[in-house]
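A short worksheet on the structure shown next.
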Amino acid sequence: GKLRAIRYWSIVLAALVGAPIYVKLNYLPFVLNGFVLLFTAIFFLTLKEAKIETKTINLKNQIIQFKESLKYSWNNKNLLWFISFSVFSGFAIWIYHDMMRSPFYESIGYPIAILGVLTAIITIIRSFFSLYAHKIEEKLGINKSINLILFAQVPLFLLMYYFYSKIAFLFVLILYCVWSLQEVLSEVYSHEHMNSKQRATLVSIQSFYNSIIILIGSLITGYIIEAYSLKLMLLLMSILSLIAGITLLITKQKK
């Protein structure tokens with residue numbers, strides 16, 4: 001949560017500075033970003049990497065590690081469920097964020113120049129939800145936290161569909177707060193069911209599953225928006241989130 005909060009604070013700064021610069025000179029943010037990346041690269045080249053004792057790294061060992069971790073992810077039913085939870089509880093918001101966010105703001109009446117301000121408002125608020133995700137989870141408990149993550153986005157996408165105007169920004173703001181909880185808690189829940197020797201590989205496998213779903217979802221989303229409308233996609237996001245939430249609840253392992 002702390003790591004994500006720090007990341008979001010940097011995004012706030014970038015959004016507030018980047019959007020006005022883009023409006024004035026649309027190529028300048030890319031040039032400035034190049035200088036920032038160069039400075040960052042030079043800075044990290046000055047750091048000394050800690051020596052970690054590990055077994056010999058070769059292709060054979062990596063393949064064995066991958067096979068064992070893949071088998072473990074499928075045989076451990078609790079881990080498999082939490083990986084599925086991590087993937088399917090956040091895919092709708094992820095696709096909205098990657099593909100629909102800016103076009104949605106413009107279509108409901110916000111000019112490009114103010115997108116940086118909107119992004120900054122969202123990011124600074126969601127940073128606190130990341131920072132205090134553990135406190136929220138302590139208050140609600142695991143089951144209520146899972147239910148909140150699964151089903152809160154259903155009415156929010158629906159409200160964005162029905163109130164297709166500037167007021168919809170309020171629902172977007174809440175949606176991102178839910179996403180912050182989802183990111184932190186789903187990662188924690190998954191890690192709790194991973195063994196330490198395979199954790200890095202299992203996280204990579206989880207990321208691979210997530211990428212496949214996002215890939216398929218992005219292609220379908222792009223087609224629907226192009227063929228029909230962005231507004232219709234919001235309604236479909238609500239329906240898909242509801243189906244995913246019900247399916248995950250039904251398949252959840254009982255303690």
Side-chain angles (χ1 to χ4, degrees), residues 1-12 15-16 19 85-110 114-189 214 217 221 225 230-246 248-249:
K2 290 179 180 178
L3 177 63
R4 291 187 182 277
I6 293 171
R7 175 189 171 194
Y8 293 144
W9 293 334
S10 67
I11 293 175
V12 170
L16 290 174
F85 170 74
S86 176
V87 172
F88 290 102
S89 65
F91 82 98
I93 309 177
W94 195 313
I95 290 175
Y96 165 81
H97 176 77
D98 278 1
M99 297 187 66
M100 301 166 62
R101 174 183 44 162
S102 295
F104 175 69
Y105 293 152
E106 291 184 65
S107 66
I108 61 176
Y110 288 102
I114 205 173
L115 295 190
V117 176
L118 299 181
T119 300
I121 293 171
I122 288 173
T123 307
I124 194 65
I125 292 176
R126 72 179 296 205
S127 71
F128 288 102
F129 276 80
S130 295
L131 192 61
Y132 296 105
H134 64 292
K135 294 290 185 181
I136 296 172
E137 197 257 11
E138 286 174 4
K139 291 287 185 181
L140 296 177
I142 295 177
N143 290 331
K144 288 182 179 179
S145 297
I146 288 174
N147 289 337
L148 175 66
I149 291 169
L150 287 177
F151 296 109
Q153 54 191 295
V154 176
L156 290 171
F157 277 120
L158 200 60
L159 288 168
M160 290 162 64
Y161 169 79
Y162 279 110
F163 296 94
Y164 202 75
S165 61
K166 287 184 177 181
I167 197 173
F169 176 73
L170 296 176
F171 309 126
V172 174
L173 182 60
I174 300 172
L175 185 70
Y176 272 99
C177 293
V178 173
W179 195 23
S180 291
L181 292 177
Q182 187 272 341
E183 285 182 320
V184 176
L185 296 182
S186 64
E187 188 173 336
V188 170
Y189 294 154
I214 296 300
T221 299
I225 292 174
L230 188 150
K231 185 178 180 181
L232 175 63
M233 195 62 225
L234 293 172
L235 178 61
L236 294 178
M237 288 292 194
S238 178
I239 296 171
L240 288 172
S241 298
L242 179 61
I243 293 172
I246 293 173
L248 284 167
L249 277 191

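Not measured: the values here are computed from a predicted model.
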State which residues pass side-chain hydrogen bond (donor to acceptor under 3.5 Å, both in side chains) with Asp98; sequence neighbours excluded, sorted by chain then number. Trp94
Does the side chain of Ile136 reach to within under 4.5 Å of the side chain of Ser145, using non-hydrogen atoms? no
Partner set under ring pair (Phe, Tyr, Trp, His ring centres under 6.0 Å) for Phe157, not counting sequence neighbours: none
Those residues that, when tested against Tyr189, pass ring pair (Phe, Tyr, Trp, His ring centres under 6.0 Å) (two or more places apart): Phe82
side-chain contact (heavy atoms from CB on, under 4.5 Å) with Ser86: which residues, sequence neighbours excluded? Ser186, Ser190, Gln206
Criterion side-chain contact (heavy atoms from CB on, under 4.5 Å) against Leu173, the qualifying member of Leu156, Leu118, Ile125: Ile125
Pairing residues for Ile167 by the side-chain contact (heavy atoms from CB on, under 4.5 Å) criterion, not counting sequence neighbours: Phe163, Ser165, Leu170
For Tyr161, check side-chain hydrogen bond (donor to acceptor under 3.5 Å, both in side chains) against everything at least two apart and list the hits. none
Residue list, ring pair (Phe, Tyr, Trp, His ring centres under 6.0 Å) with Tyr110, at least two apart or on another chain: none
Exactly one candidate in Met100, Met160, Gln153 meets side-chain contact (heavy atoms from CB on, under 4.5 Å) with Met237; the answer is Met100
I'd like to know whether OH of Tyr132 has more than 12 heavy-atom contacts from other residues, nucleotides or ligands below 6.0 angstrom. no
Please assess Leu249 against Ile246 for the test side-chain contact (heavy atoms from CB on, under 4.5 Å), listing each intermediate value before the final yes or no. CA-CA 5 Å; Leu249 277 191; Ile246 293 173; 5.8 Å; no
Taking atom types as modelled, is there a side-chain donor on Ser89 or Gln182 under 3.5 Å from an acceptor on the other? yes
Roughly how far, to the nearest 0.5 Å, is the CG atom of Leu148 from the CG atom of Leu185? 9.0 Å
What pairs meet the salt bridge (Lys or Arg N to Asp or Glu O under 4.0 Å) rule with one or both residues in residues 171-189, with sequence neighbours excluded? Arg4-Glu183, Arg4-Glu187, Arg126-Glu183
If you measure from CZ on Phe129 to CH2 on Trp179, what distance do you get to the nearest 0.5 Å? 15.5 Å
Enumerate the salt bridge (Lys or Arg N to Asp or Glu O under 4.0 Å) contacts for residues 87-96, please, sequence neighbours excluded, ordered by first and then second residue. none
Could you report the tightest heavy-atom contact between Ile122 and Val172, atom names first, then the distance? CD1-CG1, 3.9 Å
Heavy-atom closest pair, residues Leu150 and Gly245: CD1-O, 3.9 Å
Approximate separation, where rounding is to 0.5 Å, of Phe151 CZ and Ser241 OG: 10.0 Å
Pair listing, salt bridge (Lys or Arg N to Asp or Glu O under 4.0 Å) test, anchored in residues 152-161, at least two apart: none
Say whether, by atom type as modelled, one donor and one acceptor occur between the side chain of Ser180 and the main chain of Tyr176 under 3.5 angstrom. yes
In terms of heavy-atom contacts, does OH of Tyr96 have more than 12 from other residues, nucleotides or ligands at under 6.0 Å? yes
To the nearest 0.5 Å, what is the distance between CG on Leu230 and CG on Leu235? 12.0 Å
Salt bridge (Lys or Arg N to Asp or Glu O under 4.0 Å) pairs, two or more places apart, involving residues 157-173: none
With sequence neighbours left out, the residues meeting ring pair (Phe, Tyr, Trp, His ring centres under 6.0 Å) with His134 are none
